Amino acid sequence: MAKLKLTGKELRKIGYPEGPVISVAITVMEQHYKHHSSADALALLSNILQDPAAFSSDEQLSKIAEKLIVPVSEEIALLPAPMHYAVYGSEFIEDGAIRQMDYAMRLPVTAAGALMPDAHQGYGLPIGGVLAVRGAVIPYGVGVDIGCRMCLSILDIPSAELEKKAAVFKRELIDGTVFGAGGAWKTMLEDEVLEDPAFSEIGLLRHLHAKAVAQLSTSGSGNHFVEWGLVDVTDLPGVSPGRYLGLLSHSGSRGLGAQIAGYYTKLAQEICSLPREVQHLAWLDLSSEEGQEYWTAMNLAGDYASACHHQIHKRLIKAVGGSLLARVENHHNFAWKEIHNGEELIVHRKGATPAGSGVLGVIPGSMTAPGFIVRGRGEPGSLDSASHGAGRQMSRSKATQSFTASGLAKLLSEHKVKLIGGGLDEAPGAYKDINAVMNAQDSLVDVVGKFYPKIVRMADGSGPRED
DNA sequence: ATGTCC
């Protein structure tokens, strides 16, 4: 007999509401009613929807019923005015980002916040926003690409080799990376992170394991990149000042993190009823089962993103016959438990680099502008944070209209940069001037080195769909 | 950012 297979679409068609009930219903039915026909299963689900209370004593079906019995929850009130927060480089920051941060500073769980000089409008918390809250975690305060991070390897290969053997470095970059939204390696790779017990402990993660396996060590799309370049080290522990050959990558947790973010954001919005303008800032209580699950899943996505970078670096470094002198890496979409002013807080950095005292990080520029290796100054006003890049000054669609392929080619040639993939939406002019952004945060970080991209790979730019 | 819900 064929195993029961249900889709969210079918459930919505018979009137099931958006939210966790869809996935719970699919899971329960496929596990415990697998020999039912699809029509019988849907009929049963329809009955549960009509009168959920009648199924509340059924061992399995009660799981679906209780998701349908939505308690009337009172809307949580915001503070009448935003708490004060520091803004770095306010002259670069669009009003929309300030407005969003003002709302975040009115949540009753908020303890402190700050806005970085690359800030721009996002969903919920602005990109470049830092928000510290008490006893809760906000899935959209972390963002969709959980654990999106930078990883820089400084190699023992003489820097002049990059130009001399450019064709080899380019070929290995193409052969050694996978880009694109659905991107996956053809052969299955292994990694310790795939054995993480969280994959078997949390229902959602069990279902995402196969996707995580397939997408391990891939880069995704958008502003993600892997690039060879020149590193000028001025003050990095264990590395003599000078010029080196380096590998820099920017990517996150792929479909795994995106699905975790989506699922727990929906869940948070159901549990935490907020005024419409701030509903994307819905939080999960850290002491609740849901909050703890998100925390575990978020940390897994962070470890997964890190593992992806390490795999990419290991493969490429081996391919060009180098060895590692030093590595600098950091998440910039994540939440951490930190002590600020003697109090443990959950600090969300959504597009912000950790910059506690002495903490190293990488802040990328663009394909033609240098990235910066930085050492945090531990500035309390920024909650130990700095920007995560130059920040967009133009939407993707506007950039596509504003720039031309020939103009981009000329710019790349002037900077002696080779670009594989990429698109006008990622043209350097779409970003703020990284030097101005760095000046605006000189109280937050010290610059200890610079990275000049030379051979850059990105996903193919957005264009007409080919499928 | 992901690729349209396990």
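Below, each value reflects all heavy atoms present in this structure, side chains not excepted, and no hydrogens, waters or symmetry copies. Lettering of chains follows the sequences in order, A, B, ..., and the numbering in each one begins at 1. All values reported here derive from a predicted model rather than from experimental measurement.
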Worksheet item: Is there a side-chain polar atom (N or O) of R206(A) under 4.0 Å from OP1 or OP2 of dC6(B)?
Response: no
Worksheet item: With sequence neighbours left out, what residues match H209(A) under ring pair (Phe, Tyr, Trp, His ring centres under 6.0 Å)?
Response: F199(A)
Worksheet item: Rounding to a whole Å, what distance do you find between E30(A):CD and dC6(B):P?
Response: 10 Å
Worksheet item: Whole Å only: how far is the OH atom of Y263(A) from the P atom of dT4(B)?
Response: 18 Å
Item to complete: Check the distance between dC6(B)'s C1' and Q31(A)'s CD and give it to me in whole angstrom.
Response: 10 Å
Worksheet entry | 5′-ward residue of the pair G220(A)/G203(A) relative to DNA chain B | G220(A)
Worksheet item: So how far is it from H332(A) NE2 to D145(A) CG, rounded to the nearest 0.5 Å?
Response: 7.5 Å
Worksheet entry | Spacing of H224(A) atom NE2 relative to dT2(B) atom C1', expressed in whole Å | 10 Å
Practice prompt. With heavy atoms under 4.0 Å as the rule, sort K5(A) into base, sugar-phosphate or nothing.
Written response: nothing
Worksheet item: With a cut-off of under 6.0 Å to the ring centre and 45° to the axis, is K337(A) in cation-pi contact with W295(A)?
Response: yes
Worksheet item: Looking for any heavy atom pair under 4.0 Å, which part of the strands does S253(A) touch: base, sugar-phosphate only, or nothing?
Response: nothing
Worksheet item: Between atom OH in Y264(A) and atom P in dT2(B), what is the gap in whole Å?
Response: 20 Å
Item to complete: Could you check whether G222(A) gets within reach of a base, just the sugar-phosphate, or nothing at all, counting any heavy atom under 4.0 Å?
Response: sugar-phosphate
Item to complete: Round to a whole Å and report the spacing from OH of Y123(A) to P of dT2(B).
Response: 16 Å
Practice prompt. Taking atom types as modelled, find out whether R392(A) and H120(A) have a side-chain donor-acceptor pair closer than 3.5 angstrom.
Written response: no
Response to the item:
Residue set satisfying side-chain contact (heavy atoms from CB on, under 4.5 Å) with K5(A), at least two apart, ordered chain then number -> E30(A)
Practice prompt. Take the protein atom CD of Q215(A) and the nucleotide atom P of dT2(B), then report the distance between them rounded to whole Å.
Written response: 8 Å
Worksheet item: Does Q259(A) make a side-chain N or O approach to OP1 or OP2 of dC6(B) shorter than 4.0 Å?
Response: yes
Discussion item. If I take atom CG in residue L204(A) and atom P in nucleotide dT2(B), what distance separates them, rounded to the nearest angstrom?
Written reply: 17 Å
Worksheet item: Near DNA chain B, which residues from residues 293-307 of chain A have a heavy atom under 4.0 Å away?
Response: none
Response to the item:
Given the options T110(A), L107(A), L125(A), I346(A), I138(A) meets side-chain contact (heavy atoms from CB on, under 4.5 Å) only with L107(A)
Worksheet item: Taking NZ, NE, NH1 and NH2 as the nitrogens, is one of them in E277(A) or R99(A) under 4.0 Å from a carboxylate oxygen of the other?
Response: no
